[in-house]
Novice: 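Have a look at this one before I ask anything.
Every number for a ligand or one of its atoms is a count from 1 in the order of the listing.
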Amino acid sequence: MKIAIIGTGYVGLVTGACLAYKGHQVTCVDKREGIVATINNMESPIYEPGLEGILQQVVSSGSLKATGDTKAAVEEAAVTIIAVGTPLGEGGIDLGQVKQAAQEIGAALKGKEEYHVVCVKSTVVPTTTDTVVKGILEQFSGKQSGEFGLAMNPEFLREGNAVADFMLPDRIVIGADDASSLEVMKRVYAGFEVPMVATNLRTAEMIKYTANALLATLISYANEIAGFCEATGDVDVQDVFAAVVLDRRLTPRIGEEIICPEVLSYLQAGCGYGGSCFPKDLQALEAYAREKGCNPRLVSATIATNAEQAERIVQRLEGALGSLEGKKTTVLGLAFKPGTDDIRDSPALKIIRGLLAKGAKVSATDPFALERAKALGLQGVTYTEDYEAALRGAEAVLLVTPWRQYVEIPAEKYVLLMAHPLVVDCRRALDRGRLEGAGAIYIGVGLT
Ligand code: UDX
């Protein structure tokens, strides 16, 4: 099947490469000439494990090409997938790129006789596809919906795991305007033997937000309880949750074996969620709910708790050091989670800004995200690839992104390299006993 994909960010490019790998003929469209050339050169413009290997296969076999020409791509395809960004704008989701894509697709459909399905994959708030997108497509194509198909197919790709998540999804959700659109979308995913949820456009849109808001809520819940534990003293949030999850409703048993569902890892207290999805999606959902006259109490509380988490960590550090003025601090990890170079809404940046605001000097390191972080131009931060150099002479270190190489730093190194070996474990990834045994001072989220 011939498929056009508008937008080559994480979602668009992974979708394009994987659908081409599954046997479709894919054209990826992007306005940025450099990105088009990079893809056609079989290189991935983003760091995503496995993606470049697939790109090399599908571009060299001719199954995937990139272009800047939306019209040509849409004209020769049977389906166009909109995978452009939906950043947060003033008071809610910014649909600028979606609208622009819909206009160009609509214009391309004007002279096209064959049936064509337009599928929104970008994360958009409920009603966007059947009002905004449909309206623009009708206006610019001069056709009525029905003459062209309309679908909404949310993505559930985790950065760092996106190729595997696409190839082996937990479910495929297809919201469709009519039976013909659904049939075409089922053909797009013909090679996938996983549960398929066929529903309407609004439900598909709502599923995406509900899924992300649930996971974000678990994180904030764990962080809120962590704060209660810290205030109480002599209670470790990890002991608390370890016992809570032994409820069979959370960890079912098969014989003797305790099944530990992956979702429980979102109940890990830490420095708050970040990334390209959770922060933006929760705020978009909050704004959408308000606009609809609803009171998004839980969503707002999840956002507020998350916003405070980095501040609380900086305050605890300040409490331990007396003042942060002029103190040299080290931040291990800048990416919002290990396995990615993405620093969007990374808790590390919030912590760094908090440290700088209190007069601290910051030395930061990360195996993949240094260049992106440097580009932010934060005053008072030095960057180094070498974590030992980052630790040398520091009066406190904060483990923010639990990259394996940082988690495995021998306890003795902190004592050896730092002027004052105070270790703040923002992810509860370190061994307190070993650190204290080596002479370090340990502060961890969710315990005193
Ligand atoms: C998320 C969703 O998981 C994915 O389904 C959706 O389509 C896009 O948004 P992603 O942003 O890549 O994917 O990150 P994810 O791995 O879910 O992590 C999001 C945040 O949760 C991060 O800040 C991470 O540190 C935190 N997290 C993640 C946890 O606290 N615990 C975990 O086990 C995993």
Novice: Is a donor on one side and an acceptor on the other found under 3.5 Å between the side chain of R171 and the backbone of V197?
Specialist: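 Checking the backbone N and O of V197 against the side chain of R171, no donor-acceptor pair under 3.5 Å is found.
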
Novice: If you measure only the distance, is there a donor-acceptor pair under 3.5 Å linking the side chains of T340 and E159?
Specialist: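 Checked: T340/E159 side chains pair up, N/O donor to acceptor below 3.5 Å.
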
Novice: Among all residues two or more places apart in sequence or in another chain, which pass the salt bridge (charged side-chain N to carboxylate O under 4.0 Å, His left out) test with K134?
Specialist: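 K134 satisfies salt bridge (charged side-chain N to carboxylate O under 4.0 Å, His left out) with D177 once adjacent residues are dropped.
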
Novice: Give the residues near ligand 1 by chain and number, with the criterion being a heavy-atom distance under 4.0 Å.
Specialist: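 E155, F156, L157, R158, E159, K208, N212, I219, S265, Y266, Y273, G274, C277, F278, F336, K337, R427.
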
Novice: Mind checking side chain to side chain donor-acceptor pair (under 3.5 Å) for D247 and listing every partner two or more places apart, or none if nothing turns up?
Specialist: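 Side chain to side chain donor-acceptor pair (under 3.5 Å) list for D247, sorted by chain: R249.
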
Novice: Could you list all the ring-ring contact (aromatic ring centres under 6.0 Å, His included) pairs where at least one residue sits in residues 363-383, not counting sequence neighbours?
Specialist: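 Of all non-adjacent pairs touching residues 363-383, those that pass ring-ring contact (aromatic ring centres under 6.0 Å, His included) are Y47-F368, F368-W403.
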
Novice: Please examine the side chains of L324 and L355, heavy atoms only from C-beta on, and report whether any two atoms are closer than 4.5 Å.
Specialist: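 Side chain of L355 against side chain of L324, heavy atoms only: contact under 4.5 Å found.
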
